[in-house]
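We count ligands from 1, going down the list as the structure has it; atoms in each ligand are counted the same way. When reading the values below, keep in mind they use all heavy atoms of this one structure, side chains included, and skip hydrogens, waters and symmetry mates. Along the sequence shown, residues are numbered consecutively beginning with 1.
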Amino acid sequence: MKLSVIGCGYLGAVHAAAMTSLGHDVVGIDVDEAKIAKLSAGETPFFEPGLPEILSAGIASGRLSFSTDMADAADADVHFIAVGTPQRRDGAGADLRFVDSSVQSLLPHLKPGALVVGKSTVPVGTAARLAELVNPTGARLAWNPEFLREGFAVKDTIEPDRLVYGVATESKDQDTAILDEVYASAISSGTPRIVTDYATAELVKVAANSFLATKISFINAMAEIAEVTGADVTQLADAIGHDARIGRRFLNAGVGFGGGCLPKDIRAFAARAEELGRGESVAFLKQVDEINLRRRQRLVDLVVDSFDGRVFGRRVAVLGLAFKPDSDDIRDSPALDVAVRLKGLGAEVVSHDPEAIPNALRLHPQLTYADSVDQALEGAEAVVVVTEWKQYRELDAAATAAKVARPVVFDGRNVLHPGAWRAAGWTYTGMGR
Ligand code: UDX
């Protein structure tokens with residue numbers, strides 16, 4: 001099929017390349033010229049495992065191209081809207097300006113019968129509003145939320161765990177058939193698919209992210225209780241996780257969730273529910289957010305306490321900047337936040353991350369960045385692990401002790417083995433264990 005993908009960020013660039021690898025002809029459109037130039041040259045504008053391979057294969061096949069000109073999308077039968085919906089600067093709601101402007105600029109290029117498919121996470125009600133713009137052109141609109149996780153984005157796009165199509169009642173069968181053709185490979189391998197209305201499709205996405213965020217804040221709330229009782233939240237998670245109704249995944253306590261989705265999605269959902277007169281129904285999301293943000297300060301407090309409250313001028317190695325491993329994404333990153341807060345208290349912070357330093361440097365040029373873990377560790381009086389990159393998880397406790405000035409470690413992700421680190425002479429502090 002001929003497809004266009006409007007918006008070539010973490011979602012769109014992966015979607016464009018993945019759709020090409022499934023055999024479609026794809027053009028990716030973005031207003032950012034530098035990004036389009038990079039993608040056209042087969043270079044990925046961000047770190048995502050597996051993307052470089054499918055991107056260059058797609059370009060080499062001649063079936064994947066990129067452009068800043070919306071007219072180049074005119075040929076497509078299906079147009080995916082994959083632009084960002086960040087948090088508004090003036091409030092908690094979603095900023096829909098990129099969604100609105102991309103649909104507006106696509107309108108003059110739509111062929112009759114074309115299908116515009118929203119993938120961006122939007123407040124419920126957005127699709128119905130956009131359909132009123134799209135329908136008069138003779139094209140139609142569907143909403144097909146995306147559940148990909150950064151770090152696993154290629155796999156999650158090619159082999160999603162479910163497909164959700166929000167379609168108009170009048171064209172349900174026709175639109176379902178088109179989307180089934182787009183996702184033929186997933187459909188043929190038995191991927192569950194739910195065909196529903198716009199509102200449900202929009203809500204599925206924010207409900208899923210709200211549930212995940214709640215799960216993480218739940219275990220972090222237990223970590224807060226564990227901290228005052230001497231209990232171990234990691235063992236607690238293992239124990240409750242054995243109950244299949246609860247499950248162990250997304251029960252890792254630590255410095256909390258971040259990224260370009262979970263934090264802004266729960267805030268936007270709460271804001272939308274308020275607008276709908278149902279703020280009460282999701283009032284718990286405010287607490288989910290608050291518990292999450294408290295964990296960052298808790299970690300900072302633990303570090304400061306280890307210096308008897310006087311962190312000014314003390315050298316602290318912060319391992320991690322990205323909001324999660326296998327990503328260079330620093331949006332709402334707890335790791336970066338911890339580094340910034342410690343620096344704000346006067347600590348001599350040296351940060352390391354295998355991939356996220358260029359992004360962090362742009363946003364926080366005042367921080368000090370190390371090229372290697374060893375450089376970050378040199379002379380450190382405290383080591384803080386805040387992103388669970390494999391290379392940090394696998395640090396050898398004894399060898400690491402030999403590199404620092406004071407063997408004091410804070411495990412912000414509960415990924416180190418407390419026994420092994422203590423045996424190597426470290427003062428180990430986890431989050432709720
Ligand atoms: C999330 C959703 O998982 C995905 O389905 C949706 O499409 C987009 O938002 P992503 O932002 O890539 O994906 O990250 P995810 O793996 O969900 O992690 C989010 C944050 O939660 C990270 O900061 C991670 O470190 C944190 N987290 C995750 C925990 O603190 N504990 C856990 O147990 C799991």
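A tilted orientation is assigned to the rings of Phe46 and Tyr10, their planes being inclined by 30° to 60°. Between His352 and Tyr392, the angle of the ring planes goes over 60°, which puts this pair in the perpendicular group of the 30/60° scheme.
In this structure the side chain of Gln297 reaches within 4.5 angstrom of the side chain of Asp301, judged on heavy atoms. Between Phe257 and Asp332, every side-chain heavy-atom pair lies at or beyond the 4.5 Å cut-off. Counting heavy atoms from C-beta outward, Glu348 and Arg314 have side chains that stay 4.5 Å or more apart. Counting heavy atoms from C-beta outward, Leu285 and Thr214 have side chains that approach closer than 4.5 Å.
Between Leu262 and ligand 1, no pair of N/O atoms sits closer than 3.5 Å. In terms of N/O distances under 3.5 Å, ligand 1 is approached by Asn252. Considering both main-chain and side-chain atoms, Phe323 comes within under 3.5 Å of ligand 1 through a nitrogen or oxygen pair. Close N/O approach between Phe147 and ligand 1 is found [any backbone or side-chain N/O within under 3.5 Å]. Residue-to-ligand polar distances place Gly258 within reach of ligand 1: an N/O pair is separated by less than 3.5 Å.
Those atoms of ligand 1 that come under 4.0 Å of a heavy atom in Gly256, given as number and element, are 23 (O), 30 (O). Close contacts of ligand 1 with Glu146, meaning ligand atoms under 4.0 Å from a residue heavy atom, involve 7 (O). Less than 4.0 angstrom separates some heavy atom of Leu148 from each of these atoms of ligand 1: 4 (C), 6 (C), 7 (O), 8 (C). Listed by atom number, the atoms of ligand 1 under 4.0 Å from Leu251 heavy atoms are 33 (O). Residue-ligand proximity, Lys205 to ligand 1, at heavy-atom distances under 4.0 Å covers atoms 7 (O).
Ranking protein heavy atoms by distance to atom 27 (N) of ligand 1, first place goes to Ile216 CD1, 3.4 Å. Of all protein heavy atoms, the one closest to atom 9 (O) of ligand 1 is Cys261 CB, 3.1 Å. What sits closest to atom 2 (C) of ligand 1 on the protein, heavy atoms only, is Asn209 OD1, 3.6 Å. The protein heavy atom nearest to atom 17 (O) of ligand 1 is Phe250 CZ, 3.1 Å. Annotation: atom 21 (O) of ligand 1 to nearest protein heavy atom, Phe257 CB, 3.1 Å.
Remark: the backbone N or O of Val99 is paired with a side-chain donor or acceptor of Ser102 at under 3.5 angstrom.
Heavy-atom contacts from other residues, nucleotides or ligands closer than 6.0 Å to CD of Glu290 number more than 12. Atom CZ of Arg278 is surrounded by 12 or fewer heavy atoms from other residues, nucleotides or ligands within 6.0 Å.
With hydrogens and angles left out, the side-chain atoms of Thr157 and His15 include no donor and acceptor closer than 3.5 Å.
With distances taken over non-hydrogen atoms, the option nearest atom 16 (O) of ligand 1 out of Glu150, Arg149, Lys324 is Lys324.
Under the 4.0 angstrom criterion for non-hydrogen atoms, Arg413 is in contact with ligand 1.
Under a cutoff of 6.0 Å and an axis angle of 45°, Arg272 and Phe269 do not form a cation-pi pair.
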